[in-house]
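Just so you know, these numbers use all the heavy atoms, side chains as well, and skip hydrogens, waters and symmetry mates. Everything numeric in this text was worked out from a predicted model, so none of it was measured.
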Amino acid sequence: MHRSTSTPSRRAAPAMPWVLALAAAALLGACGGGSSGVTLGAIVPGAPGPQTPAAPPPSVEATPLGCEQMARLSVPASAIALATGGAKVTAATLVPAGGKAPKNYGEHCKLSAEIAPVDPAAPPIKMTLLLPTEWNRKAMMYGGGGYDGTIPGVGGNFSAGPVDVPDPIGRGYAIFASDSGHDAATDPKNPGTFALNEEALRNFSFEALKKTRDAAVFLIRQRYAREPERSYFLGGSSGGREALAVVQKWPTDFDGAIAFYPAFNAAGLDLQFGRITRALARPGAYPSLAKRAALFDASMQACDALDGAKDGVIGNQIACNRRFDPATALLDGRPLRCPGGADTADDCLSDAQIAAFKVIDTPAIFNYPLGSGENQYPGFNVWGAEFGRPGTGTKADETQMLLAYLGLGWSAPAFPMPERAPYLSGFWDQWVRFFVTKDPGFDSLTLDPENPGPWQARIAELTRLQDINQADLSAFAAHGGKLLMAHGTADPLVTPRATDQYFNRVRATMGAERVKSFMRYYQIPGYGHGRSLVFNASWDSLAALENWVEQGMAPSAQTVADTQGVPGRTRPLCDYPAWPRYNGRGDLDLAASFSCVDE
């Protein structure tokens, strides 16, 4: 799950520091996881809802403060809507203008601040703010990624942000973000340990978002002697979930939000991770990198042309899901299934490996009541997803290494969980040991997520806290808020089928026409979890959001560009459930050669 220019890892990375750094960039959202049994509706009664607004902050001098003066500031607890011990600035540095066009930026004051907890045993919320000298009178909050624990790179780009225009700091935004209330460096091999403290757990789940926002607005007011005229939230993966959290819980705090590949039902996704982990841990089930490459190639051979163009991108993923079966598929004209279903070679799949991939493709069904009202979590678009393939293991091969890291790793799940196990397995392992059982020595492979036995009540409690699934966004829409969501069809870490479900729930709750007035959802064929060798998305979603909020110009004829598979290639962004079909003639690398169809 993911952030802004960075993405915190959920567990220790392999012994390749640059891979972990790339994973941070992918998972922190670059800014900074449809099946039967869907439970429609919003959060069940008793789930956390909007909080009481903060009392008006103490009056302040209507005089802007210099950066040096900001260093001595404190934020009273009364200025923050949720309970805290107040906040204080811990450092203030005037950063000179710099960068190189188009990524240049102006002079700005960089603040570090800490929000004190109520529980003295809980860690503080650490945050960073960038306050430009030439301010555009707008504010932006970046979301986090994974288990958070680090502050996103607020001076960088956002999820799938364009490479040919200034980053938000270069556009004059006041930008801020936090570590969500814990420091991942405290125990790098166990980034979930913070959940042993209840206040830290609630901060991570959603409360740090409100605390950070309120503290940041107070400090912005001190710096400029005025509040922002517009405020936006941007995030991907866990940060995308956070974007939906602020929209649902504090609908008047932000004028617009962008949620890339949002892990909105975080606890439900964790349970699906557990189901997949247990399947991959079965004897002979874990596929090597070569076998994953064979599956990808067979998927591409079967599905590439379903959108009318053989261009290395599966545009019609729904049709691919319906027709592709690894048990009967062909690779270069021969069966993908190994002879007799035995594990005989690296360019075929055994029956055990096929069974594991089919688990990833299918939904988790929860045979007990969850506190969030959910009863399932959908499967993934396995056929065409980049789970990794053999590489040299050098930095020159870094993207492929990152895809393997975020895909299925290098080692089968086991107890204790290997550092090189699938990322999703490490995430599950942390959640079970520190969120659910609170037993660091617990074997996570023994907990059945669909039938958890004695852990059922605790899991139900966690889903009520962590699943962000309210479908009625009327308060946000009434405020004039606008919401953009986007998800790659080939995401192996947060399934786009879950985002489909959420969007369909919102439309079922509010009506399609009402939703169209404030919300858009796009699927991006071939795009993975913040990085892809097939289609690495680049889209100025911030400009689209600004135009909609500030000019009343609803997004139309949006295009997305590839920066890695075929650099410069463009495709239309199609309103879900439409997808881009080739017109039959024209340049395969131009969006104009494709039309959005819903069939």
Side-chain angles (χ1 to χ4, degrees), residues 1-7 18-19 21-33 102-103 145 153 156-165 167 234-237 239-240 258 260-261 292-293 296 299-300 304 307 309 311-315 317 381 384-389 391 395-407 423 484-494 496 522-542 544 558-574 579-580 588-591 594:
M1 300 158 27
H2 201 125
R3 278 194 197 243
S4 158
T5 27
S6 33
T7 306
W18 53 270
V19 173
L22 281 170
L27 284 173
L28 289 178
C31 198
K103 299 298 184 181
N157 215 340
F158 49 91
S159 297
V163 297
D164 56 352
V165 299
D167 293 335
L234 282 72
S237 193
I258 298 172
F260 260 89
Y261 28 87
R292 289 176 239 169
F296 177 86
S299 303
M300 194 62 64
D304 184 7
D307 58 1
D311 57 357
V313 179
I314 298 174
Q317 187 66 52
N381 292 334
E386 296 176 277
F387 289 108
R389 60 175 59 231
K395 191 169 182 179
D397 202 31
E398 59 187 22
T399 298
Q400 197 58 258
M401 296 294 287
L402 175 62
L403 295 175
Y405 175 78
L406 298 180
Y423 186 89
L484 299 178
M485 292 199 309
H487 208 140
T489 60
D491 191 332
L493 202 58
V494 177
Y522 308 104
Q523 280 197 353
I524 305 175
Y527 188 42
H529 197 80
R531 184 65 69 88
S532 173
L533 285 172
V534 172
F535 193 97
N536 200 55
S538 173
W539 168 46
D540 197 350
S541 53
L542 177 56
Q558 298 284 298
T559 61
V560 60
D562 181 14
T563 64
Q564 191 150 5
V566 180
R569 167 180 279 182
T570 58
R571 288 288 183 271
L573 274 176
C574 299
W579 51 274
L588 288 177
D589 294 335
L590 293 181
F594 293 76

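The two residues P580 and C574 make their nearest non-hydrogen contact at N-SG, 3.6 Å. Here the closest non-hydrogen pair linking P496 and G488 is CG-O, 3.5 Å. For the pair Q564 and T399, the tightest heavy-atom approach, listed with the atom from each and the gap, is NE2-OG1, 2.9 Å. In plain terms, the two heavy atoms of V534 and G526 that are nearest each other are CB-O, 3.7 Å. Considering every non-hydrogen atom in both T559 and W539, the closest pair reads O-CD1, 3.6 Å. Nearest heavy-atom pair, V313 versus D307, reported as atom, atom and distance to 0.1 Å: O-OD2, 3.4 Å.
Proximity of a side-chain donor or acceptor of D167 to a complementary backbone N or O of F158 within less than 3.5 Å is not detected. Looking at S541, its side chain never comes within 3.5 Å of a backbone N or O of A160 through a donor-acceptor pair. For the pair D304 (side chain) and G312 (backbone), a donor-acceptor distance under 3.5 Å is present. Between the D562 side chain and the N536 main chain, a donor and an acceptor come within less than 3.5 Å of each other.
Y405 has its ring centre less than 6.0 Å from the ring centre of Y423.
Residue E386 holds its CD atom at 11.5 Å from OG of S299, rounded to the nearest 0.5 Å. Rounded to the nearest 0.5 angstrom, R389 CZ and F296 CZ are separated by 6.0 Å. To the nearest 0.5 Å, the span separating CZ on R569 from CG on D311 amounts to 5.0 Å. Rounding to the nearest 0.5 Å places CG of N381 at 9.0 Å from CG of D491. Note that OG of S538 is 10.0 Å distant from CD1 of I524, once rounded to the nearest 0.5 Å.
For R571 and F594, the positive end sits near the middle of the six-membered ring, less than 6.0 Å away and at most 45° from its axis.
For the salt bridge (charged side-chain N to carboxylate O under 4.0 Å, His left out) test, no residue two or more places apart in sequence or in another chain qualifies with R292.
A 4.5 Å side-chain heavy-atom check between H529 and Y261 finds at least one atom pair inside the cut-off. Taking 4.5 Å as the limit, some side-chain heavy atom of F535 sits within range of a side-chain heavy atom of V560.
Ring orientation note: the planes of F260 and Y527 are nearly perpendicular, at an angle over 60° on the 30°/60° scale.
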